[in-house]
Amino acid sequence: MKTEKEALLNQTSIDFLAGKTYCILSKNRFEKAGLLAVIAGYTDCTSGTVEFENQPLKKITKEDYRGKQVGLILQKNNFLPYFSIIENLQLCSNSLQSKRKPKSELYKLLKSVGIEQKLAGTQIKKLSNINQQKACLVKAIVNNPKVILVEEPLLTLSEIPLEVSFEYLKDYAENQNSCVIILSKSNFVAKYADEIWGLNGGKLSFIK
């Protein structure tokens, strides 16, 4: 059990580059959750800085950063269960009162993960687990974010073959000049990343 004086992340330093996929390995779920929250802008550092495009996050409007620049694939997908896939994506793409993506573009994104237009009108709660997870992939990229964070893919993308989901994410990173950051405990997941880092005792270390 950690006391209030103990740092969850300590002397942690890393540069995430556009176009690359990273895997951060750790068996400590609290450290992984803490790092994800810091990168996503949900938690501020008590010391040190987190920068996005050479600007400290503290100087960036958090709503703008989280809504437009970060895509999340989490165990809690935060879909509205009684809304259809397409309605959920429309809400996501208009989260900051920006111009909504046209439905035709959203249908095209859904088709890229194997969800046809007819299924796109189905309520989230009526979808199979695999189709919910496919919808999560699309939700993560719908606003063309520069950073995609993936919480333990063995859980969040468990129904989709790893090589399929990671090929999708890696293609996005390379084609959209974004970066994908995966937090996992599995060495099997790590083999799909361009760089592998370890998180242990609050510190990050480069593995390969």
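The residues of the chain are indexed from 1 along the displayed sequence. Owing to the predicted nature of the structure, the values given are computational and were not obtained by experimental measurement.
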Practice item. Would you please classify the geometry between the F52 ring and the Y65 ring as parallel, tilted or perpendicular, with 30° and 60° separating the classes? Key: perpendicular
Review point. Do I73 and V164 belong together in a cluster built from hydrophobic side chains that touch within less than 4.5 Å?
Key: yes
Point to revise | Exam field: side chain E195 to backbone T21, donor-acceptor pair closer than 3.5 Å | key: no
Review point. Does the side chain of T156 pick up a donor-acceptor pair with the side chain of Q133 at under 3.5 Å?
Key: no
**Study point:** Geometric cation-pi criterion, K139 with F79: 6.0 Å, 45°
**Key:** yes
Revision key, fill the gap. CD (E152) and CG (L155) are apart, to the nearest 0.5 Å, by 5.5 Å
Practice item. May I ask you to test the L154-S186 pair for a side-chain heavy-atom distance under 4.5 Å? Key: yes
**Study point:** Heavy-atom side-chain proximity of Y172 to S178 below 4.5 angstrom
**Key:** yes
Check your understanding: Would you say E31's side chain and G202's backbone share a donor-acceptor pair under 3.5 angstrom?
Key -> yes
Exercise for review: Mind checking the OH-NZ spacing from Y192 to K170? Nearest 0.5 Å is all I need.
Suggested key: 11.0 Å
Exercise for review: Decide yes or no for L183 and Y22: does some side-chain heavy atom of the first lie under 4.5 Å from some side-chain heavy atom of the second?
Suggested key: no
Check your understanding: Should L149 and L74 count as side-chain neighbours, where that means a heavy-atom distance under 4.5 Å?
Key -> no
Exercise for review: Answer whether the closest heavy-atom distance between the side chains of L57 and E51 falls below 4.5 Å.
Suggested key: no
Exercise for review: Identify whether I130 and V150 are in the same connected component of the hydrophobic contact network (ILVMFWY, side-chain heavy atoms under 4.5 Å).
Suggested key: yes
Exercise for review: For residues K27 and K32, determine if any side-chain heavy atom of one lies less than 4.5 Å from a side-chain heavy atom of the other.
Suggested key: no
Check your understanding: Is there side-chain contact between L137 and I160, with at least one heavy-atom pair below 4.5 Å?
Key -> yes
Practice item. Find the distance between NZ (K58) and OG1 (T49) and round it off to the nearest 0.5 Å. Key: 8.0 Å
Practice item. Say whether, by atom type as modelled, one donor and one acceptor occur between the side chain of N143 and the main chain of C92 under 3.5 angstrom. Key: yes
Check your understanding: So with a 6.0 Å cut-off around CZ of F83, is the heavy-atom count from everything else above 12?
Key -> no
Exercise for review: Kindly compute the distance separating CD1 (I85) from CG (N88), expressed to the nearest 0.5 Å.
Suggested key: 8.5 Å
Review point. Hey, are the side chains of L25 and I196 touching, using non-hydrogen atoms and a 4.5 Å cut-off?
Key: yes
Check your understanding: Hey, does the side chain of D194 reach the backbone of K20 with a donor-acceptor pair shorter than 3.5 angstrom?
Key -> no
Review point. Between N131 (side chain) and I115 (backbone), is there a donor-acceptor pair under 3.5 Å?
Key: no
Check your understanding: Can you tell me if Q123 and S84 form a side-chain donor-acceptor pair at under 3.5 Å?
Key -> no
